[in-house]
Number of protein chains: 2
Amino acid sequence: MNKQSLYKGCLEPIVLQLLGSHNRMYGYEITVKVKELTKGALQITEGALYPLLHRLEGEGVLTAEMEHVGNRMRKYYRLTPVGQATRKNALNELNDFIATLQLFNKPAIS
Amino acid sequence: MNKQSLYKGCLEPIVLQLLGSHNRMYGYEITVKVKELTKGALQITEGALYPLLHRLEGEGVLTAEMEHVGNRMRKYYRLTPVGQATRKNALNELNDFIATLQLFNKPAIS
DNA sequence: ATTGAATACATTGGTAACTTAGGTATGTGT
DNA sequence: ACACATACCTAAGTTACCAATGTATTCAAT
C-alpha cells in the first residue's frame with residue numbers, strides 16, 4: 001500500500017480550502033501550490049484535478065472565468081456563495097476526520 | 001460527497017494500529033471496537049474488513065488462528081514480526097498524512 | 001536553432017479500496 | 001415466533017483516484 005492512497009477522498013476538501021483562502025486560482029496553479037505547501041508530500045495529478053474542477057463547476061460550487069496571459073489560456077476558478085458553504089462544511093468534516101484518526105495514533109503497546 | 005469517503009485508504013493502518021495494541025482480535029470484534037472507539041464516526045463494513053484481513057494474512061502481515069466459543073467460530077488475528085514493522089511504518093505514514101492535512105486547516109480568509 | 005523542461009489545458013483507460021447487498025449459521029431477548 | 005446480535009464470508013457495482021497521452025505555448029540551455 002502506497003501512502004498516497006491515504007489521500008483518496010481528500011482532494012475535494014483540499015481544493016475547496018485552497019480556493020477559500022486565495023480568491024481565485026487556476027488548475028495548474030493549484031497543483032504547484034499544493035506541491036509547494038506540502039513540500040512535495042502531496043502531488044495532485046492533473047487527471048484527478050481537472051475532472052474534479054469540472055464537476056464542482058457543474059455542481060455550482062465553483063465558477064470559472066477564462067483569461068489570456070500572452071498567448072496562453074488560464075481558467076480561473078473561485079468559490080460561489082454555495083461553494084463557501086460547501087467549503088465550511090468540508091472543513092468541519094476534515095477536522096472531525098483528523099480527530100478520529102488521532103484516536104488510533106498510539107506508538108504501540110507491545 | 002459523503003464524509004465517509006475521507007476514510008478511503010485508512011482502513012489498513014487503522015486495523016494495524018488496533019492489532020498493535022490488542023495482541024489479538026477477531027474480525028467482528030474489530031468492527032465493534034472501531035465503532036465504539038470513534039463513537040460511531042467510523043463504521044467499518046464487513047465487506048471491507050474481511051477481504052483486507054485475508055489479504056494481510058496472505059502478505060504475511062497477520063497470522064490467524066481459529067477458535068470455537070461455544071458452537072461459534074472465531075478467527076483471531078495477530079501481527080507477525082513483519083506485521084509489527086508494517087504497523088510502525090503505517091503509523092509514520094498516518095502521522096505524516098495528518099500533518100499534511102493540517103496544512104490546509106484554516107478557518108477561512110473571506 | 002533545437003531540444004528539453006515548464007506552463008497550461010484536457011481526456012481516456014485502468015485499478016484499488018471501498019459500499020451495497022446478499023448468504024450461512026448460532027445465540028439471545030421478548 | 002421474530003427480531004436482533006454475533007460471527008464468518010463473497011460478489012457486483014461505485015468512486016476517486018493514477019498513469020498515460022495529447023495539444024499548444026514559452027523559456028532556458030546547449
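We name chains A, B, ... by the order of the sequence lines, and we start the count at 1 in each one. Fair warning: this is a prediction, and the values are worked out from it, not measured in the lab.
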Base, sugar-phosphate alone, or nothing: which one does A:Gly47 contact when heavy atoms must sit under 4.0 Å apart?
-> base
Would you classify B:Leu11 as touching base, sugar-phosphate or nothing, given that sugar-phosphate means primed atoms plus P, OP1 and OP2, and contacts are heavy atoms under 4.0 Å?
-> sugar-phosphate
Between A:Gln43 and B:Glu29, the residue closer to the 5' end of DNA chain D by nearest nucleotide is B:Glu29
Return the 5'-most residue of the pair A:Ala48, A:Gly70 with respect to DNA chain D, ranking by each residue's nearest nucleotide.
-> A:Ala48
Could you check how far [atom1] of [X] sits from [atom2] of [N], rounded to whole Å?
X       : N      : atom1 : atom2 : answer
B:Ile44 : D:dA7  : CD1   : C1'   : 16 Å
B:Leu52 : D:dT10 : CG    : P     : 13 Å
B:Met66 : D:dA7  : CE    : P     : 13 Å
A:Arg74 : D:dT26 : CZ    : C1'   : 12 Å
B:Glu67 : D:dA7  : CD    : C1'   : 14 Å
B:Met73 : D:dC9  : CE    : P     : 6 Å
B:Lys33 : D:dT6  : NZ    : P     : 13 Å
A:Asn71 : D:dC27 : CG    : P     : 11 Å

Quick one: is [X] getting a side-chain N or O under 4.0 Å of the [N] phosphate, OP1 or OP2?
X       : N      : answer
A:His54 : C:dT11 : yes
A:Tyr26 : C:dC9  : no
A:Thr45 : D:dC18 : yes
A:Tyr50 : C:dC9  : yes
A:Gln4  : D:dC17 : no
B:His68 : D:dA7  : no

Given the rule in the side-chain hydrogen bond (donor to acceptor under 3.5 Å, both in side chains) test, do A:Tyr76 and A:Arg78 qualify, once you have shown the distances and angles that lead to the verdict?
-> CA-CA 7 Å; A:Tyr76 280 99; A:Arg78 71 176 74 226; over 6 Å; no
Backbone of A:Gly60 reached by a side-chain donor or acceptor of A:Thr80 within 3.5 Å | yes
Is A:Glu65 paired with A:Arg24 through a side-chain N to carboxylate O contact shorter than 4.0 Å?
-> yes
A:Glu12 and A:Arg55 ion-paired at < 4.0 Å | yes
Minimum-distance nucleotide to B:Lys75 side chain [options: C:dA17, D:dC9, D:dA7] = D:dC9
Report yes if a donor N or O on one partner sits less than 3.5 Å from an acceptor N or O on the other, where the partners are the side chain of B:Glu46 and the base of D:dC9; otherwise report no.
-> yes
Nearest-nucleotide 5' precedence on DNA chain C, A:Lys8 against A:Arg72 | A:Arg72
Are B:Val32 and B:Val34 in one and the same hydrophobic cluster, where Ile, Leu, Val, Met, Phe, Trp and Tyr link if side-chain heavy atoms are under 4.5 Å apart?
-> yes
Path from B:Leu56 to B:Leu91 over hydrophobic side-chain contacts below 4.5 Å | no
